[in-house]
Amino acid sequence: MAAPGAGDSLDAKSGKAPVAQRIDPTREKLTPAQLQFMRQVQLAQWQKTLPQRRTRNIVTGLGIGALVLAIYGYTFYSVSQERFLDELEDEAKAARARAMERASGP
């Protein structure tokens, strides 16, 4: 019988496919062919997930940009609607005018 993971498509006992083992290339001595194969597999996995990642990045960027523009627009809208300082200035002018009348009056 072949060793586990040596190309068997299904394990005879459990009926499950073999699971790849995680390998630390710094601890275990690997041949250059094995390292090259690992690089090829990593590159294939990276290229496989690239379109999904790119789409997510674009959607995330657009979402953040929309949020920033919404906050920026709301800030401008709020400041343009703000009449508080204008009312204070009008009250200050009226108070100055009353003070001048009192000072010049009797």
Side-chain angles (χ1 to χ4, degrees):
M1 182 142 192
D8 298 19
S9 61
L10 291 176
D11 191 6
K13 295 178 184 174
S14 63
K16 295 181 181 177
V19 178
Q21 294 179 353
R22 190 168 289 268
I23 295 174
D24 186 6
T26 58
R27 289 188 190 166
E28 299 181 27
K29 300 293 182 197
L30 299 175
T31 65
Q34 289 172 324
L35 291 172
Q36 178 63 25
F37 180 71
M38 284 176 56
R39 285 188 205 106
Q40 284 178 347
V41 170
Q42 287 174 345
L43 181 63
Q45 288 174 343
W46 186 77
Q47 287 176 341
K48 182 176 151 185
T49 60
L50 184 65
Q52 285 179 330
R53 202 171 336 123
R54 183 175 291 138
T55 302
R56 285 187 200 144
N57 287 347
I58 290 171
V59 169
T60 302
L62 289 174
I64 291 171
L67 180 66
V68 167
L69 287 175
I71 292 171
Y72 189 72
Y74 177 74
T75 302
F76 267 95
Y77 175 75
S78 295
V79 168
S80 69
Q81 296 295 317
E82 193 172 291
R83 304 285 183 231
F84 180 72
L85 292 177
D86 295 338
E87 292 172 7
L88 282 179
E89 276 185 36
D90 292 341
E91 289 178 18
K93 283 181 186 177
R96 277 191 226 116
R98 278 180 282 177
M100 292 296 279
E101 287 176 10
R102 286 184 196 149
S104 64

Exercise for the section: Determine which pairs satisfy side chain to side chain donor-acceptor pair (under 3.5 Å) with at least one residue from residues 48-57, sequence neighbours left out, and list them in order. Expected result: Thr49-Arg53
Just list the side-chain donor-acceptor pairs under 3.5 Å for residues 33-42, sequence neighbours left out, or say none.
unit_1	atom_1	unit_2	atom_2	d
Gln34	OE1	Thr31	N	2.9
Gln34	OE1	Thr31	OG1	3.4

Exercise for the section: List in chain and number order the residues that pass ring pair (Phe, Tyr, Trp, His ring centres under 6.0 Å) with Tyr72, two or more places apart in sequence or in another chain; answer none if no residue qualifies. Expected result: Phe76
Practice task
Sequence neighbours left out, what passes salt bridge (Lys or Arg N to Asp or Glu O under 4.0 Å) with Arg22? Give chain and number order.
Solution key: none
Exercise for the section: Check which hydrophobic residues are tied to Leu50 through side-chain heavy-atom contacts below 4.5 Å, counting indirect links as well, and list them. Expected result: Leu43, Trp46
Practice task
Kindly give the cluster partners of Leu67, where membership spreads through any ILVMFWY side chain lying under 4.5 Å from a current member.
Solution key: Ile71
